[in-house]
Amino acid sequence: MTHLLANLTTDEVAALDPATAVIVQPIGAIEQHGPHLPIVTDALVAERMTSLAIEGLAPGCNIWQLPTLSYGKSTEHLGRAGTVALSATTLMAVCLDLGRSLAASGFKKLVFVNGHGGQPGLLDVVARDIRVETGLEVFPMMPGRLGLPEGVEPVDPDYGIHGGQIETSIVWALEPSLVKMHLAVRDGDAAGSIFAGYAHLTLEGAVPTAWVTDDLSATGVLGDPTAATLELGQAIVAHQVAALREVLLEIQTFAFPPRA
Ligand SMILES: [Zn+2]
């Protein structure tokens, strides 16, 4: 029993019930993640979280995973080896084309499961464009925003946003062979201290500062990956996958009220 839409035939896709079908597009990034994590990190997280979530649902749930869009908008990491970025306009055009294609196939609901913190704003914008142009209902979301297990307090909460304790633990749980813990270093402390004298300016808050990695980190890490553990990663993955499963089921039943 597959949950991978691309493994179906065109006739099988055509036979799906469009009233309940939910199409899930994992979106990641191919970008530097410091000396200890692979450049595929964000694509891996988006893809695996999506698979784990859908695999835990009842067979025949009519929720389908598309092939991962591995590339994302990684402008903040450009110039660091291995970063392969799409421009904002390219990524928006690709997402719009995906939405048009899915609408033309008769689908009604599309979810972007995003693994990269550099593009939620873009996905919010293009989601609304797809909705207005095609009528498709679009739900852009990030598993990383679904919270942490009760009692988990990151050691690097202010600046641990890239290759830090949380993300490193998650990759460790998903694909241990790709994590080089002996190379993990804490970096990016400036991101926690640089705004100390400011009332409003922050890294990612109410008045963000359009930072690039070179402003904040020599190694490319923002956070403290030395505090990562396998057990923490397993707990976070279980927590976020369970929440993602709930999200997908909510999306499946959600409907705006009919217009007057
Ligand atoms: Zn990442």
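In listed order, ligands and their atoms are each counted from 1.
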What protein N/O/S atoms sit under 2.8 Å from the Zn ion (ligand 1), by chain and number? His33 NE2, Asp42 OD1, Glu167 OE2

Determine the sole option in Gln119, Gln32, Glu31 for which the side chain to side chain donor-acceptor pair (under 3.5 Å) test with Ser74 is passed. Glu31

Nearest atoms (heavy-atom pairs only) where His116 meets Asp42: ND1-OD2, 3.1 Å

Would you call Val247 and Val111 a side-chain contact if the rule is heavy atoms closer than 4.5 Å? no

Would you call Val13 and Phe107 a side-chain contact if the rule is heavy atoms closer than 4.5 Å? yes

Which atom pair, heavy atoms only, marks the closest approach of Gly220 to Thr213? CA-CG2, 3.8 Å

Answer yes or no: is there a donor N or O on one side and an acceptor on the other, between the side chain of Thr168 and the main chain of Gln165, under 3.5 Å? no

